[in-house]
Amino acid sequence: MLKKQIGIIGLGIMGTNLTLNFEKNGYQISIFNRTKDKINELMLNYPKKNIKPYYTLKEFISSLNHPKYILLMVKSGKATDETIKKLIPYLKKKDIIIDGGNTYFKDTIKRYNKLKKIGIDFIGMGISGGEEGALNGASIMPGGDKTIYNKISHFLIKIAAKKNNRSCVDYIGPNGSGHYVKMIHNGIEYGNMQLISETYNILKNILLINNKKISKIFNKWNKKELNSYLIKITRNILKFKNKKNKYLIDLILDKADNKGTGKWASISALELESPFSLITEAVFNRYLSNLKEERKIASKNKKIINKKIKRIKEKIFINDLEHALYFGIIISYTQGFLLMQKASRKYKWNLNYSVIAKIFQEGCIIKAKILNKIRSIYKKNNQIKNLLLSSFFQKKTKKYQSSIRNIIIESIKHGIPTPTLSSALSYYDSYNSDKLPANLIQAQRDYFGNHMYERTDKKGKFHTNWKI
Ligand code: ATR
């Protein structure tokens with residue numbers, strides 16, 4: 001019984017659903033929330049569950065046996081710090097705090113170090129899957145000490161999503177690594193969503209296809225290698241009609257919000273100097289979408305090309321688009337995993353990428369068929385330099401590159417923006433180039449700043465007096 005007791009603080013959507021998930025799995029849950037309303041609401045909605053409400057932190061803590069397992073599901077940032085600060089006086093050595101919020105990984109590292117000094121164990125845990133995952137099985141990324149993970153793994157396995165009888169949870173690595181992997185998950189999510197929205201835009205504004213037919217196309221794609229949660233929900237969204245028989249998608253304002261995790265991922269890529277162009281393009285395009293009023297004014301200057309160009313053969317074009325999207329998705333995951341590799345070296349996390357791919361395979365927003373391939377590639381070689389060097393993705397990208405070129409060319413002709421599709425191809429073309437024009441950049445740097453350059457014909461650093 002002792003082991004089956006968990007305390008949860010923070011009853012937002014995620015906290016509430018995780019409470020229900022734990023309860024369903026036979027755990028006795030103590031709950032606490034800063035304000036009473038959410039506690040009362042939960043108890044009113046689920047009066048018969050094995051959930052015990054507490055209205056003061058003191059009573060909440062006293063309800064838990066030592067060592068206490070406390071899951072924080074409060075807003076990330078200041079709220080998490082404040083809650084930990086209030087908890088500390090009530091805790092003893094070997095009690096475990098688990099932060100399940102969307103926390104910035106550097107904050108997790110700081111909190112881990114601070115709590116370590118006073119003997120309190122801390123796990124920074126990324127959770128993906130939204131409210132549905134929290135309730136029925138999430139994708140879970142815990143970071144901290146392995147010995148502490150081992151103590152809590154029995155209940156994480158229960159609440160995690162399952163894929164082929166494997167739980168989508170495993171030990172990620174030390175301190176902030178769990179939240180880092182969650183942050184990259186979100187970055188890939190931004191990339192994939194933008195790629196899908198570009199293909200929707202192309203179908204709508206180049207082929208002039210209606211929502212119902214676009215939904216059918218996504219449905220077809222979802223049955224093959226593009227199979228994924230995001231393609232599935234896109235299919236459903238596009239065919240959804242409101243009570244007035246209108247497609248809801250056409251009534252939604254084209255301004256995309258964000259909660260900042262994509263920005264964090266891009267900042268990390270800049271700090272670690274790892275190419276992350278596709279995902280960063282996706283982040284920038286959310287900002288660009290928010291300039292609605294300016295776009296409205298500026299759009300008056302654009303020559304609208306809304307006539308379907310006759311020579312496009314619809315069937316071939318849709319086939320190309322399917323391949324172009326898959327190409328883009330390959331680059332999105334490639335850049336995400338690459339950044340994790342870079343971070344693992346920098347922060348000494350020793351990440352296992354096939355385990356991470358396994359965790360992403362169910363319960364989370366970026367779950368997709370492609371992850372099965374990624375998992376097996378990293379299983380064979382955890383240190384592979386780039387997924388594009390694996391024979392599977394090498395062959396795929398080689399096969400699909402003419403498709404993505406065709407799609408981008410047609411989009412440019414029609415004035416349809418393809419920021420992430422174009423970024424995917426540019427990354428691919430650069431990565432697959434033995435020679436890049438960086439020699440000219442080096443010459444320019446040396447010309448104006450004496451920065452020196454290396455040569456192809458001899459070793460060493462050189463400077464030239466260019467102005468003679
Ligand atoms: P979700 O997205 O899951 O709905 P959220 O909005 O990120 O959740 O965070 C919700 C939780 O953080 C709530 O339980 C909230 O408490 P209230 O219901 O009292 O608002 C909690 N929270 C936010 N700020 C807090 C703070 N400064 N101290 C403690 N808890 C806080």
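We count ligands from 1, going down the list as the structure has it; atoms in each ligand are counted the same way. For clarity, every value in this text was computed on a predicted model and none was experimentally measured.
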List in chain and number order the residues that pass side chain to side chain contact (heavy atoms under 4.5 Å, CB included) with Lys204, two or more places apart in sequence or in another chain; answer none if no residue qualifies.
-> Tyr200, Ile214, Asp250
Within a reach of under 6.0 Å around NZ of Lys396, are more than 12 heavy atoms found that belong to other residues, nucleotides or ligands?
-> yes
[X] to ligand 1: N or O pair under 3.5 Å?
X: Thr35; result: yes
X: Ile13; result: yes
X: Leu11; result: yes

Provide, to 0.1 Å, the distance between [atom] and the closest protein heavy atom, together with that atom's residue and name.
atom: atom 28 (N) of ligand 1; value: Arg34 CD, 3.7 Å
atom: atom 27 (N) of ligand 1; value: Glu82 OE1, 3.1 Å
atom: atom 2 (O) of ligand 1; value: Lys259 NZ, 4.3 Å
atom: atom 6 (O) of ligand 1; value: Lys75 NZ, 3.0 Å
atom: atom 8 (O) of ligand 1; value: Gly12 CA, 3.9 Å

Looking only at side chains, do [X] and [Y] share a donor and an acceptor under 3.5 Å apart?
X: Lys158; Y: Asn21; value: no
X: Tyr171; Y: Asn150; value: no
X: Tyr46; Y: Thr19; value: no

Gly10: numbered ligand 1 atoms lying under 4.0 Å from its heavy atoms = 14 (O)
Should you measure from each heavy atom of Met14, which atoms of ligand 1 turn up under 4.0 Å away?
-> 3 (O)
Option among Glu362, Glu189, Glu132 that satisfies the salt bridge (Lys or Arg N to Asp or Glu O under 4.0 Å) test with Lys367 | Glu362
Contact partition for Asn33 relative to ligand 1, non-hydrogen atoms under 4.0 Å = side chain
Residue list, side-chain hydrogen bond (donor to acceptor under 3.5 Å, both in side chains) with Trp349, at least two apart or on another chain | Asn175
Under the ring pair (Phe, Tyr, Trp, His ring centres under 6.0 Å) rule, what do Phe327 and Tyr400 come out as? Steps first, then yes or no, please.
-> CA-CA 7 Å; Phe327 189 110; Tyr400 289 171; 7.9 Å; no
